[in-house]
Amino acid sequence: MLKRTHYCEEPRETDIGRTVAVSGWVANWRDHGGVVFIDLRDRTGIVQVVFNPEENPEMHTRASKLRSESCISVSGEVSQRPEGMENPDLPTGMVEIVAGELEVHNVSEPPPFDVDNPGDVSLEARLSYRFIDLRRPEISKIFQARHRIFQVFRRFFDENGFLEVETPYLTKSTPEGARDFLVPSRLSPGSFYALPQSPQLFKQTLMVGGIDRYFQIVKCFRDEDVRASRQPEFTQLDLEMSFVDEDDIMEMTERAMAAVFEQVLDREISLPLPTMTFADAFERFGTDAPDLRFGMELKDISAVVADCEFRVFKNAVDEGGCVRGICVPGGAKMTRGEIDGLVEWVKQFNLPGLAWFKLEENGPSGGVAKFFSDAEIGAIRQKFDARTGSLFLFAAARRQKTHLPLAQLRCHAAAKMGMIPEDEFELCWVVDAPAFERVEESGHLTFPHHPFTTPYPEDVGLLEEEPTRARTKSYDLVLNGVELGGGSVRISDPELQMKIFSILGYNQEEVEERFGFLMRALRHGAPPHAGIALGLDRVVGKLLGIEDIRETIAFPKTQRGMCMLTKAPTRVDDQQLKDLGIALRESE
RNA sequence: GGGGCCGUAGCUCAACUUGGUUAGAGCGUCGGACUGUCGAUCCGAAGGUUGAGGGUUCGAGUCCCUUCGGCCUCGCCA
């Protein structure tokens with residue numbers, strides 16, 4: 001076999017006269033009746049190979065039969081291209097390889113789409129032929145960057161004394177959180193393993209075991225609906241430290257992120273990162289993952305409009321709700337149609353409508369402007385510090401109901417107005433999430449983080465009476481409006497842990513059955529510990545400016561959880577089911 | 001579980017408002033021409049169960065129902 005001496009993008013003018021061997025795929029071929037040109041591609045780039053009929057007729061004949069995406073190796077002399085035949089668009093465009101030897105490894109069937117000019121090929125087609133899609137330079141670059149990011153993290157945590165310890169994938173189902181993927185056990189018919197939603201309890205156990213500093217790049221599994229930013233299996237950078245508090249984890253995480261930015265993007269980020277509380281984030285941005293690349297913060301004007309003429313506003317306030325909104329600088333330029341479009345758009349977030357008016361040269365106009373007195377307009381204007389030419393958009397509803405639509409509207413409007421600087425990275429911490437949240441419809445308690453998160457000592461007293469007001473030592477890392485990950489100081493006191501469980505409605509027996517191993521560990525010399533987990537698929541995506549994390553995963557699943565390449569999941573043999581003691585029911 | 005968009009040649013799309021003859025184009029593929037191109041060019045050809053099934057109609061790519069699949073979204077995602 002012809003052994004490669006160079007990657008395709010390596011031969012340059014300094015190599016002229018040298019004999020090289022390259023291997024790769026035929027990106028393009030041009031047959032001029034005599035001379036045949038082949039653009040050969042590998043993961044680095046493209047180089048042109050020339051086949052001359054006079055030099056070697058037999059090889060020329062074989063070369064003229066090559067077609068796109070066939071796999072070959074070629075050796076030959078690197079030579080300067082003839083005058084005027086250089087291609088400045090290619091890094092190797094000053095030279096070409098004059099073929100001396102050709103080895104055809106595999107003749108490709110016509111590819112289902114054009115690799116180098118894929119146009120708008122659907123993700124569906126690309127994932128079905130991912131082996132071809134991955135040959136595309138821009139796709140290959142994603143995985144090269146992903147690899148570098150992983151290596152920087154690994155080196156960073158190694159250098160900081162962390163041990164990479166693996167935790168099981170076949171583990172125990174826990175009733176909290178997301179739906180588990182289940183794996184039936186053959187040796188214990190009727191029993192199931194669950195794939196881990198995260199290694200949370202194992203890493204806490206490692207701390208009790210004295211590992212002290214742990215990290216792992218690990219797959220996690222959650223059987224919930226897929227989104228552009230969510231996959232049923234995804235990769236986390238998971239870490240945990242003993243004898244530390246929240247500051248230590250945040251500092252360590254920031255430094256790791258800074259190392260990645262520096263070594264992968266060659267960008268500095270200034271540390272320490274800004275911090276805002278969970279409560280402030282919702283107040284100012286309507287979300288716990290604010291995009292700080294632009295302003296346009298939410299303001300509450302309930303007090304201003306409590307007695308205004310506009311019934312919708314007044315009623316909302318009277319009924320214990322609120323009126324909140326945003327001010328879009330320059331938004332007065334929008335047409336009635338565009339504004340109606342925004343109002344329509346926001347309805348998908350379960351808001352019945354938006355009230356709006358413009359602030360123009362000769363005063364307020366349009367929409368609900370006529371309902372407000374000069375004093376009210378002045379107060380609103382002052383609240384937003386608004387300039388002439390602004391557009392105001394307001395939601396009136398229960399406070400909970402205004403968060404999502406306004407947060408979405410803020411980003412949507414900013415994007416529409418071109419206010420988002422695409423090239424900036426704004427990282428921040430969102431801290432002090434409440435221990436519990438109440439689900440509006442059912443009234444039952446849930447939690448923004450997980451039930452192993454420690455409350456502030458001064459808030460422990462609130463747990464029983466006002467659980468949603470008790471803050472926790474938690475921290476989420478947010479980048480440009482996306483949560484990259486989150487963590488917390490863990491509960492290391494078994495009594496406090498039991499108290500949290502009982503607030504969630506578990507009795508002693510249930511806790512013992514579900515979390516017995518954790519409780520036992522906590523009773524045997526548990527050190528204070530804290531940690532964090534980052535979603536690496538998102539980290540890779542954000543760093544590369546990719547919104548859809550499927551692009552950062554080699555073989556992602558579709559929205560229905562199918563692998564386009566293998567068509568998994570599939571039915572299995574009756575014998576396999578029999579071994580597992582499983583009988584399928586007719587689907588109703 | 002709810003709402004929305006979509007499915008026509010290998011790929012990307014067209015065939016309209018209002019159902020009407022033989023479903024078109026570009027790229028790709030195949031054949032031919034051409035000794036310096038580089039998204040080569042020129043000439044020619046092949047290529048379709050309009051995702052699948054059913055219905056309405058004299059007639060369905062087009063309308064209706066069911067179903068499969070892709071995408072967005074609410075819920076969900078401790």
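The sequence lines fix the lettering, A, B, ..., with proteins before strands; numbering per chain opens at 1.
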Q) Taking only residues two or more places apart in sequence or in another chain, which ones pass side-chain contact (heavy atoms from CB on, under 4.5 Å) with Y193(A)? A) L170(A), V183(A), S185(A)
Q. Which nucleotide, rU73(B), rC77(B), rG1(B), lies nearest any side-chain atom of F349(A)?
A. rU73(B)
**Q.** Spacing of the C1' atoms in rC63(B) and rG26(B) (rounded, Å)
**A.** 31 Å
Q: Identify which nucleotide among rG70(B), rC74(B), rU37(B) has an atom closest to any side-chain atom of E124(A), counting heavy atoms from C-beta outward.
A: rG70(B)
**Q.** Closest nucleotide among rC77(B), rG39(B), rG70(B) to the N87(A) side chain
**A.** rG39(B)
Q. Mind checking who rU62(B) pairs with, Watson-Crick or G-U wobble, both distances under 3.5 Å?
A. none
Q) Which part of the nucleic acid, if any, lies within reach of E96(A) when heavy atoms closer than 4.0 Å are counted: base, sugar-phosphate only, or nothing? A) base
**Q.** Partner of T92(A) under side-chain contact (heavy atoms from CB on, under 4.5 Å), chosen from R12(A), E13(A), H6(A)
**A.** R12(A)
Q. Is the distance from OP1 or OP2 of rG70(B) to the nearest side-chain N or O of S122(A) less than 4.0 Å?
A. no
Q.
Return whichever of M564(A) or V50(A) has its heavy-atom-nearest nucleotide of RNA chain B closer to the 5' end.
A. V50(A)
Q: Return no unless some side-chain N or O of Q559(A) is found under 4.0 Å from OP1 or OP2 of rC72(B).
A: yes
Q | Sugar-phosphate, base or nothing in reach of Q48(A), heavy atoms under 4.0 Å | A | base
Q) Distance between the P atoms of rC16(B) and rG54(B), in whole angstroms? A) 25 Å
Q: Counting heavy atoms from C-beta on, name the nucleotide in rG70(B), rU73(B), rU37(B) closest to the side chain of R30(A).
A: rU37(B)
Q.
So for R227(A) and rG75(B), does any side-chain atom that can act as donor or acceptor lie under 3.5 Å from a complementary atom in the base?
A. yes
Q) If you measure from the C1' atom in rU21(B) to the same atom in rC68(B), how many Å do you get, rounded? A) 33 Å
Q: Provide the full list of salt bridge (charged side-chain N to carboxylate O under 4.0 Å, His left out) pairs with a residue in residues 493-512 of chain A, sequence neighbours left out, each pair given once.
A: E464(A)-K499(A)
Q.
Checking base pairs now: Watson-Crick or wobble, both atom distances under 3.5 Å. What partners rU57(B)?
A. none
(Q) Taking any heavy-atom pair under 4.0 Å as a contact, classify N52(A): base, sugar-phosphate, or nothing. (A) nothing
**Q.** Verdict with supporting geometry, T167(A) and Q216(A), side-chain hydrogen bond (donor to acceptor under 3.5 Å, both in side chains)
**A.** CA-CA 9 Å; T167(A) 51; Q216(A) 186 181 194; 3.1 Å; yes
Q: Pick base, sugar-phosphate or nothing for E83(A), based on heavy-atom distances below 4.0 Å to the nucleic acid.
A: nothing
Q: Could I get the full list of side-chain contact (heavy atoms from CB on, under 4.5 Å) partners for V50(A), not counting sequence neighbours?
A: V35(A), F37(A), Q48(A), E96(A)
**Q.** Minimum-distance nucleotide to R222(A) side chain [options: rC77(B), rG70(B), rC74(B)]
**A.** rC77(B)
Q. Above 12 or not: heavy atoms from other molecules or residues under 6.0 Å from NZ of K65(A)?
A. no
Q) With stacking defined as ring centroids separated by under 5.5 Å and planes differing by under 30°, is F113(A) stacked against rC11(B)? A) no
Q: Please evaluate the base of rG75(B) for a donor-acceptor partner in the side chain of N350(A) within a cut-off of under 3.5 Å?
A: no
**Q.** Partners meeting side chain to side chain donor-acceptor pair (under 3.5 Å) with S23(A) (sequence neighbours left out)
**A.** S73(A)
Q. rA23(B) and rA60(B): how far apart are their P atoms, nearest whole angstrom?
A. 14 Å
(Q) Using a 4.0 Å heavy-atom cut-off, does P82(A) contact any base of the nucleic acid, only the sugar-phosphate backbone, or nothing at all? (A) base
Within the sub-3.5 Å range, which N or O atoms of nucleotides 25-31 of chain B have a protein N or O partner, and how far apart are they?
| unit_1 | atom_1 | unit_2 | atom_2 | d |
| --- | --- | --- | --- | --- |
| rC30(B) | OP2 | R67(A) | NE | 3.4 |

**Q.** P spacing across the pair rA52(B) / rC34(B), given as an integer number of angstrom
**A.** 44 Å
Q: Please measure how far the P atom in rU73(B) lies from the corresponding atom in rA14(B), and state the result in whole Å.
A: 23 Å
Q: Determine whether any donor atom in the side chain of R81(A) lies under 3.5 Å from an acceptor atom in the base of rC38(B), or the reverse, and answer yes or no.
A: yes
Q. Quick one: is rC72(B) close enough that its OP1 or OP2 comes under 4.0 Å of any side-chain N or O from R550(A)?
A. yes
(Q) Suppose we call a contact any N or O donor and acceptor under 3.5 Å apart; does that hold for the side chain of R230(A) and the base of rC77(B)? (A) yes
**Q.** Whole angstrom value for the distance that separates C1' of rC68(B) from CZ of R560(A)
**A.** 8 Å
(Q) Between rG70(B) and rA33(B), how many Å separate the two P atoms, rounded to a whole number? (A) 46 Å
Q.
Looking only at the side chain of V121(A) (C-beta and beyond, no hydrogens), which of the listed nucleotides rU73(B), rC11(B), rG1(B) gets closest?
A. rC11(B)
Q) Which pairs pass salt bridge (charged side-chain N to carboxylate O under 4.0 Å, His left out) with one or both residues in residues 38-49 of chain A, sequence neighbours excluded? A) R30(A)-D39(A), R41(A)-E69(A), R41(A)-D116(A)
Q | Identified pairing partner of rG7(B), criterion: Watson-Crick or G-U wobble below 3.5 Å | A | rC68(B)
Q: Using the side-chain hydrogen bond (donor to acceptor under 3.5 Å, both in side chains) rule, pick out the option among Q204(A), H529(A), E240(A) that qualifies with R490(A).
A: E240(A)
Q.
If only side-chain N and O atoms count, and only distance matters, is there a donor-acceptor pair under 3.5 Å linking S128(A) with R126(A)?
A. no
(Q) Between rC64(B) and rC27(B), how many Å separate the two P atoms, rounded to a whole number? (A) 35 Å
